[in-house]
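Here is the structure we will look at.
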Amino acid sequence: MVVALASRVYSAFAPPKVEKRKDGAIRFGVLGAAKIAPMALITPAQSHPEVIVQAVAARDRSRAEEFAKKHGIPEVRNSYQELLDDPNIDAIFIPLPNSLHYEWAVRSIRAGKHVLLEKPSCNTSAEANILFNLPELTQSPNPPVILEAFHNRFHPAVRKFLSFIEPEHVVHVHTDSMVSWWLVNKDNIEFSYKMGGGSMMALGTYNFAMLRMIFGSEPVECVSCDVGVLGDGIHDQCDADFRAKFRFPNGGIGEAETTLRGSLLWKPSEARVTHGEVVVPDKSLPDTQEKVRTREVTLHGFIHAIIWHRIDVKDSFVVRNKKDGQPVSKWVESNSYKAYSFAEAGGKEFEGVAGEAWWMSYRYQLEAFVNRIKGRETQFWVDGQDSINQMKMLDMAYEKSGLGLRPTSEFR
Ligand SMILES: NC(=O)C1=CN([C@@H]2O[C@H](COP(=O)(O)OP(=O)(O)OC[C@H]3O[C@@H](n4cnc5c(N)ncnc54)[C@H](OP(=O)(O)O)[C@@H]3O)[C@@H](O)[C@H]2O)C=CC1
Ligand SMILES: O=C1OC[C@@H](O)[C@H](O)[C@H]1O
């Protein structure tokens with residue numbers, strides 16, 4: 001197991017470099033010399049024959065030059081806008097602070113570029129509503145493609161996990177995620193209100209997306225949202241951690257908790273789903289008895305599945321008398337699964353979906369993004385309405401927390 005992990009992670013971060021297609025490769029421009037850009041785009045692009053990271057722009061040219069040199073990016077532009085104005089650039093990657101996502105995504109779309117937009121897509125649902133309903137996105141022919149970079153949703157582990165879930169029967173979900181305290185400095189954008197900071201924006205949004213996918217619906221209410229702040233009087237509009245509870249249309253409760261000041265050692269994120277009782281047909285039983293199943297499904301590692309993940313499915317069965325509910329027999333069936341590739345995930349719905357065990361979620365995401373641009377089929381996607389709904393959930397939680405929404409841009 002340790003050898004497999006080491007080999008997988010090594011290949012994920014140092015992937016085989018493939019030859020780029022002479023015609024039709026997508027040329028990316030990157031806005032900002034952001035920390036996440038190598039992992040989210042530059043490294044995954046190395047193994048994609050149809051992706052070339054062509055240029056980068058930073059607020060300060062020398063910073064962009066240094067970044068370009070370090071990551072083998074051939075061109076540097078003097079400003080973000082200059083990159084958007086370049087006719088040789090097909091797609092823009094936006095790993096800017098959250099408060100700038102909306103403006104630069106709108107500018108990119110208006111410049112006719114495809115957009116890979118870091119999560120969360122915007123600062124508020126009001127921004128998301130405008131962005132994902134831009135008229136350019138439905139133009140014909142060849143509308144630009146925009147994708148909120150919810151990388152983990154493209155990983156086979158998440159898709160396999162979802163395949164065990166029966167959304168209408170879900171009664172409770174627990175999700176947690178963390179970043180160790182030593183990875184996030186208080187001067188980072190995560191703690192700047194003006195930049196759209198907060199643990200829900202940075203990390204909790206993954207928990208929220210899991211809840212939305214598990215219930216297969218949108219929350220009707222944020223029942224509670226308790227936040228912790230640094231308490232230094234400077235960064236206190238940003239949640240350093242939170243615990244929220246949502247009610248979904250079927251009456252089920254989804255809980256999410258996250259911290260940006262977690263323990264020294266990493267704990268994989270976790271989503272634990274409890275189903276209510278379901279009567280399972282069983283012809284071998286007499287008419288006076290019924291078989292009932294309750295299922296618990298847990299995904300350990302829903303954000304960084306490439307490092308390690310495990311899916312546990314525990315089915316508890318009871319055969320009982322219909323008349324008085326008295327149990328006749330009880331047993332538990334437990335199984336664990338992993339899915340680093342769609343081939344490993346198995347099953348009809350994953351047949352033929354591309355991937356390698358060493359692909360990071362970002363690489364799976366890039367595959368889908370390119371396929372969309374090329375008009376090919378994509379098995380999984382995050383569409384504009386999905387991103388708008390995601391922002392609505394974040395709005396709900398921030399409103400409930402008392403911290404208030406992150407600032408909405410005045411750019412139109
Ligand atoms: N998908 C994932 O796994 C992750 C996604 N993210 C997301 O990516 C985005 C960027 O995060 P991260 O890479 O950690 O952030 P960084 O702080 O490393 O990068 C942000 C970039 O934004 C640019 N920028 C422009 N204006 C400002 C400003 N006023 N203040 C600060 N920076 C500015 C800077 O570019 P310049 O070089 O031009 O100065 C900087 O390089 C966020 O939206 C975050 O949520 C973050 C971590 C993981
Ligand atoms: O987007 C993110 O995903 C992974 C986390 O480790 C990171 O802090 C967060 O911003």
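Counting convention: from 1, in listed order, for ligands and their atoms alike. None of these values were measured; they are calculated from a predicted model. Residues take their numbers from the sequence shown, with the count starting at 1.
Remark: ligand 1 atoms within the under-4.0 Å shell around heavy atoms of M195 are 28 (C), 29 (N), 30 (N). Near K119, the atoms of ligand 2 lying under 4.0 angstrom from a non-hydrogen atom of the residue are 1 (O), 2 (C), 9 (C), 10 (O). Within ligand 1, counting atoms from 1 as listed, the ones closer than 4.0 Å to a heavy atom of H101 are 43 (O).
Salt bridge status for D176 with K267: present, with a side-chain N to carboxylate O gap under 4.0 Å. Using a 4.0 Å cut-off between charged nitrogen and carboxylate oxygen, R372 and E367 do not count as a salt-bridge pair. A salt bridge is absent between K70 and E66: the closest approach of a Lys/Arg side-chain nitrogen to an acidic carboxylate oxygen does not fall below 4.0 angstrom. Salt-bridge annotation for K113 and D90: absent, with no side-chain N of the basic residue lying under 4.0 Å from a carboxylate O of the acidic one. A salt bridge is absent between K392 and E218: the closest approach of a Lys/Arg side-chain nitrogen to an acidic carboxylate oxygen does not fall below 4.0 angstrom. Taking a cutoff of 4.0 Å between a charged side-chain nitrogen and a carboxylate oxygen, R293 and E277 do not qualify as a salt bridge. A salt bridge does not link E296 to K314: none of the charged side-chain nitrogens sits closer than 4.0 Å to a carboxylate oxygen. By the 4.0 Å N-to-carboxylate-O rule, K119 lies too far from E148 to be salt-bridged with it. Ion pair K69/E75 not flagged as a salt bridge, since none of the NZ, NE, NH1 or NH2 atoms sits closer than 4.0 Å to an Asp/Glu carboxylate oxygen.
Residue contact annotation: M201 has no non-hydrogen atom under 4.0 Å from ligand 1. Within the structure, ligand 1 lacks A202 among the residues with a heavy atom less than 4.0 angstrom away. Heavy atoms of Y206 approach ligand 1 to within less than 4.0 angstrom. Ligand 1 is approached by P97 to a heavy-atom distance shorter than 4.0 Å.
Both the backbone and the side chain of A34 come within 4.0 Å of ligand 1, counting heavy atoms alone. Only the side chain of L100 comes within contact range of ligand 1, with a heavy atom under 4.0 Å; no backbone atom does. Contact annotation: for L96 versus ligand 1, heavy atoms closer than 4.0 Å belong to both the backbone and the side chain. With a 4.0 Å heavy-atom cut-off, ligand 1 is reached by no atom of F67.
Scanning all protein heavy atoms for the shortest distance to atom 3 (O) of ligand 1 gives Y362 OH, 2.6 Å. The nearest protein atom to atom 9 (C) of ligand 2, hydrogens excluded, is given as A202 O, 3.5 Å; this is a heavy-atom distance. Among protein heavy atoms, atom 7 (C) of ligand 2 sits closest to L203 CD1, 4.3 Å. Among protein heavy atoms, atom 4 (C) of ligand 2 sits closest to H304 NE2, 3.3 Å. In terms of protein heavy atoms, atom 8 (O) of ligand 2 is closest to V179 CG2, 3.6 Å. Given atom 43 (O) of ligand 1, the protein heavy atom at minimum distance is N98 OD1, 2.7 Å. Among all protein heavy atoms, the one lying closest to atom 20 (C) of ligand 1 is P95 O, 3.6 Å. Counting only heavy atoms of the protein, atom 3 (O) of ligand 2 lies nearest to Y206 OH, 3.1 Å. Scanning the protein for heavy atoms near atom 45 (O) of ligand 1, the closest one is K119 O, 2.8 Å. Shortest contact from atom 48 (C) of ligand 1 to any protein heavy atom: I36 CD1, 3.3 Å. For atom 35 (O) of ligand 1, the closest non-hydrogen atom of the protein is Y80 OH, 3.3 Å.
Not one N or O of A58 is nearer than 3.5 Å to an N or O of ligand 1, by distance alone. Polar contact with ligand 2: absent for E190 (N/O pair, distance under 3.5 Å). Of the N or O atoms in H304, none lie within a sub-3.5 Å distance of an N or O in ligand 1.
The backbone N or O of S7 lies less than 3.5 Å from no partner atom in the side chain of W358, so there is not a single donor-acceptor pair.
The two residues P44 and Y362 make their nearest non-hydrogen contact at CG-CB, 3.8 Å.
When the heavy atoms of R59, E118, M39 are ranked by distance to atom 6 (N) of ligand 1, first place goes to E118. Selection from M360, R63, K35, E190 by nearest heavy atom to atom 40 (C) of ligand 1 gives R63. Here the shortest heavy-atom distance to atom 15 (O) of ligand 1, taken over L183, I189, L31, belongs to I189.
In this model, a donor atom of one side chain and an acceptor atom of the other lie less than 3.5 Å apart for S336 and D312. S199 and T258 share no side-chain donor-acceptor pair at under 3.5 Å. Of the N and O atoms on the side chains of H101 and E127, not one donor lies less than 3.5 Å from an acceptor on the other residue. Checked by atom type, the side-chain pair Q385/N389 shows a donor-acceptor distance below 3.5 Å.
You'll find the ring centres of F161 and Y337 outside the 6.0 Å limit.
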